[in-house]
Amino acid sequence: MGNKYLRSYARFVKNSLAVDMEYRVGFLFKNLTGLVWVIGALFLIDVIFNQSSSVAGWTKQQVICLYLTFSISVDVFYIFVRDNLRKFLDLIRDGQLDAYLLKPINLRFMVSFMINQMGYYVFFRFLAAVVLLIIYAPSTNFLNWAQYLFFVTTGSLGVYSV
């Protein structure tokens, strides 16, 4: 049964990427705008910490890691949930959700991933945040990274479940 979901998800990703790449320049500019936001936020943090060595007990490195964690969490939400949730409301309003109820696949899976609107326009911002987090992270201990991934993943799943 899991193989059916993997094949379906692969088709959904392919279709969504084809829709996003239909306007390549727009896709590129959306991603570049996201990168500018990350750079701007890091610049703002740098400006604040040029005036002080800590803010409310937080060091510059800690604030950067907190911001990058926030950015990663938001980007995961944008990539997988945001646009599909908006489309889900349209399906309810237009009465088209009934057709999805008759499909031989889990409704939550269908609604979450089937709609051709995965948010790949934040993908470069997501990658930049991950790379910068690896650079700025205070510890490279495997156990700390495993705990970090566990908490970010469970937090994201908790938001998705709501």
Practice prompt. May I ask you to decide if the ring planes of Tyr67 and Phe70 are parallel, tilted or perpendicular, using 30° and 60° as cut-offs?
Written response: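 Rings of Tyr67 and Phe70: tilted, as their planes differ by 30° to 60°.
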
In Å, rounded to the nearest 0.5 Å, how long is the span from [atom1] of [X] to [atom2] of [Y]?
| X | Y | atom1 | atom2 | result |
| --- | --- | --- | --- | --- |
| Cys65 | Ile134 | SG | CD1 | 11.0 Å |
| Leu89 | Asp94 | CG | CG | 10.5 Å |
| Thr33 | Leu28 | OG1 | CG | 9.0 Å |
| Tyr136 | Ile45 | OH | CD1 | 9.0 Å |
| Leu97 | Asp90 | CG | CG | 11.5 Å |

Item to complete: Without swapping roles, check the side chain of Ser52 against the backbone of Phe49 for a donor-acceptor pair under 3.5 Å.
Response: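 Answer holds: no.
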
Verify same cluster id: [X], [Y] (apolar side-chain graph, 4.5 Å):
| X | Y | result |
| --- | --- | --- |
| Val74 | Trp37 | no |
| Trp145 | Leu66 | yes |
| Leu127 | Val130 | yes |

Taking the side chain as every heavy atom from C-beta outward, state whether [X] and [Y] have any pair of such atoms under 4.5 Å apart.
| X | Y | value |
| --- | --- | --- |
| Val152 | Thr69 | yes |
| Asp46 | Lys60 | yes |
| Gln147 | Asn144 | yes |

Worksheet item: More than 12 heavy atoms of other residues, nucleotides or ligands under 6.0 Å from CZ of Phe77: is that the case?
Response: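 Check passes, neighbour count above 12.
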
Discussion item. A quick test of your reading: do over 12 heavy atoms of other residues, nucleotides or ligands sit less than 6.0 Å from CH2 of Trp58?
Written reply: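 Check fails, neighbour count at 12 or below.
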
Item to complete: Would you check, one step at a time, whether the test side-chain contact (heavy atoms from CB on, under 4.5 Å) holds for Val55 with Ile48?
Response: CA-CA 9 Å; Val55 175; Ile48 291 170; 3.9 Å; yes

Worksheet entry | Shortest non-hydrogen contact from Leu133 toward Leu68 |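 Nearest heavy atoms, Leu133 then Leu68: N-CD1, 3.4 Å.
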
Fill in: Heavy-atom closest pair, residues Arg125 and Ser71
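Here Arg125 and Ser71 meet closest at CG-OG, 4.3 Å.
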
Discussion item. So, using side-chain contact (heavy atoms from CB on, under 4.5 Å) as the criterion, who are the partners of Leu35 when residues are at least two apart?
Written reply: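 Only Leu32, Phe124, Ala128 meet the side-chain contact (heavy atoms from CB on, under 4.5 Å) criterion with Leu35.
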
Practice prompt. Could you pull out all residues at least two apart from Thr59 that satisfy side-chain contact (heavy atoms from CB on, under 4.5 Å)?
Written response: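 side-chain contact (heavy atoms from CB on, under 4.5 Å) check on Thr59 returns Gln61, Gln62.
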
